[in-house]
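Read through the structure below, which is laid out as structure tokens, and then see the notes.
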Protein chains: 2
Amino acid sequence: MVNQQFTFAVHILTALAFADETMDSQELAESVNTNPVVIRRLLLGLRHAHLVETYTGKHGGTKLSRKPAQISLLEVYDAVQPRPVIAINERKASKHCRVSCNMREIMSGVAAGAEGAVREHLRGITLQKLLRKVRRAA
Amino acid sequence: MVNQQFTFAVHILTALAFADETMDSQELAESVNTNPVVIRRLLLGLRHAHLVETYTGKHGGTKLSRKPAQISLLEVYDAVQPRPVIAINERKASKHCRVSCNMREIMSGVAAGAEGAVREHLRGITLQKLLRKVRRAA
DNA sequence: TAAAGTGTAACGGAAACAATTACAGTTTTA
DNA sequence: TAAAACTGTAATTGTTTCCGTTACACTTTA
């Protein structure tokens, strides 16, 4: 993965879980060390996945829409829609080459399996677990 | 993953397995549909991992250095050294924020688990399996 | 010694991302 | 009711990462 959207999203949600109250995009941006607009763009996806609720206007901000124990990292992963774990070669195959003609389908299977393995791993991790790690730490 | 080095590498090796004789970088480039120099750059890593042997000079080229059944996609993965499956936020933490101060370590654990899941998946796939799929196809 | 390969450095362009600016819209509250 | 303090979102810029390409020295064969 090249982009940090998933990491940022997990960070945001963990911060919200730890705070247990609404935070505005400026506060979240400071915790992640980025720009508030970057945060708001991410919140768009998280809101759409019903992981957070945000309020506009003065004293606006964002809070979790569920308990941390009810949010798995798989949901976060799906919410940010990251690029595939394994990229496949989308360009045209060389027609007279049997390997070339079949590689796309073959690699699709490999990539799907890898994607599934990652998803199963993330399914088992809840925000609650991460929150406990923060609390246990120094 | 944003780059296609792993896919290209698997394609190259499958083509070599299917041909069962040396191929030059021009032939491989046509099968993958890219430039011969791109192929030669990838072969550098594969050679270093002892997956292929290449010969310089006239009638030079590359062949597998082992039977397809002895080569797993995990070895290919390690040979090309792709970017991590999950990128972590490397920037400085905000000191007064407990979440910020702990996220790097927490996400490292998540990322390592995801990486491990992908690796285990790839470990179970040999070049021989892919070769059989090519042969079975049309 | 010419031909046909590989090895590798160097450069250019495209695509993906993050950061930033800007501003309209929405609440609160003084 | 107007100012203050937020969010939503479009548009732009700069950086980084890749891939493609050219170029050329080196190696082997015929």
Side-chain angles (χ1 to χ4, degrees), chain A residues 1-9 11-12 16 19 21-49 51-63 65 80-92 94, chain B residues 1-9 11-12 16 19 21-49 51-63 65 80-92 94:
Chain A
M1 187 180 301
V2 73
N3 72 29
Q4 303 204 307
Q5 292 181 16
F6 177 68
T7 306
F8 284 3
H11 188 142
I12 288 169
L16 289 172
E21 59 185 12
T22 75
M23 295 176 72
D24 64 31
S25 62
Q26 178 63 46
E27 294 173 297
L28 290 169
E30 278 167 17
S31 181
V32 174
N33 193 0
T34 183
N35 189 288
V37 178
V38 172
I39 300 295
R40 294 206 288 270
R41 270 197 293 251
L42 278 170
L43 289 174
L44 192 71
L46 300 179
R47 201 165 58 237
H48 198 260
L51 298 176
V52 299
E53 287 165 20
T54 77
Y55 306 96
T56 63
K58 193 172 180 178
H59 299 163
T62 301
K63 71 177 184 65
S65 61
V80 302
Q81 297 184 283
R83 325 276 299 288
V85 168
I86 290 180
I88 67 176
N89 181 0
E90 302 279 6
R91 59 194 77 183
K92 264 192 286 191
S94 147
Chain B
M1 185 178 303
V2 73
N3 73 30
Q4 303 204 307
Q5 293 180 17
F6 177 68
T7 306
F8 284 3
H11 188 142
I12 288 169
L16 290 172
E21 60 185 12
T22 75
M23 295 176 72
D24 64 31
S25 63
Q26 178 62 45
E27 294 173 298
L28 290 169
E30 279 167 17
S31 181
V32 174
N33 193 0
T34 183
N35 189 288
V37 177
V38 173
I39 300 295
R40 294 205 289 268
R41 271 198 291 249
L42 279 169
L43 289 175
L44 191 72
L46 300 179
R47 201 165 57 238
H48 197 261
L51 297 176
V52 299
E53 288 166 18
T54 78
Y55 306 97
T56 63
K58 191 170 179 178
H59 299 164
T62 302
K63 70 177 185 65
S65 62
V80 301
Q81 296 184 284
R83 324 278 297 289
V85 168
I86 291 178
I88 67 176
N89 182 1
E90 303 279 5
R91 58 193 78 184
K92 265 191 287 192
S94 148

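Atoms considered below: every heavy atom in the structure, side chains included; atoms not considered: hydrogens, waters and symmetry mates. Being a predicted model, the structure only gives us computed values, none of them experimental. Every chain is numbered from 1 and lettered A, B, ... according to where its sequence line falls, protein lines coming before strand lines.
- As rounded to whole Å, 12 Å separates atom P of C/dG5 from atom CG of B/Leu28.
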Show, in sequence, the C-alpha distance, side-chain angles and deciding distance for B/Ile39 and B/Asn35, and conclude whether the side chain to side chain contact (heavy atoms under 4.5 Å, CB included) test is met. CA-CA 7 Å; B/Ile39 300 295; B/Asn35 189 288; over 6 Å; no
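- Looking only at side-chain heavy atoms (C-beta outward), A/Val52 and A/Lys63 stay at 4.5 Å or farther from each other.
- Proximity of a side-chain donor or acceptor of A/Asn3 to a complementary backbone N or O of A/Pro82 within less than 3.5 Å is not detected.
- Annotation: the terminal axes of the helix from C/dT1-D/dA30 to C/dA30-D/dT1 meet at 0°, where each axis is the rotation carrying the C1' atoms of four end pairs onto the next four (5 pairs per end, rounded to 10°).
- Taking side-chain N and O atoms only, A/Asn3 has a distance below 4.0 Å to OP1 or OP2 of C/dC17.
- If you take CG of B/Leu46 and C1' of C/dG7, they are 15 Å apart, rounded to a whole angstrom.
- Residues B/Glu90 and B/Ile88 meet the side-chain proximity criterion, which asks for heavy atoms closer than 4.5 Å.
- Remark: A/Gln81 CD is loosely packed, at most 12 non-hydrogen atoms of other residues, nucleotides or ligands lying under 6.0 Å away.
- Residues A/Arg91 and B/Gln4 form a side-chain contact, since some pair of their non-hydrogen atoms from C-beta on lies under 4.5 Å apart.
- Here the closest non-hydrogen pair linking A/Lys92 and B/Asn33 is O-ND2, 3.1 Å.
- As rounded to whole Å, 13 Å separates atom P of C/dC17 from atom CD of A/Gln81.
- The interatomic distance linking B/Leu42 (CG) with D/dC19 (C1') rounds to 11 Å, in whole Å.
- When the side chain to side chain donor-acceptor pair (under 3.5 Å) test is applied to B/Thr62, no partner is found at least two apart in sequence or on another chain.
- Side chain of A/Glu27 to backbone of A/Asp24: a donor-acceptor contact under 3.5 angstrom is found.
- Counting to the nearest Å, the C1' atom of D/dG14 and the CG atom of A/Asn35 are 14 Å from each other.
- Remark: P of C/dA16 and CD of A/Gln4 are 17 Å apart, rounded to the nearest angstrom.
- At whole-Å resolution of the value, CZ in B/Phe6 and P in D/dC18 are 16 Å apart.
- When the P atom of C/dT8 is taken as reference, atom NE2 of B/His48 falls 11 Å away, rounded to whole Å.
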Protein heavy-atom contacts under 4.0 Å, written 5' to 3' over nucleotides 2-12 of chain D as B (base), S (sugar-phosphate only) or - (none), form the string --BBBBBBBB-
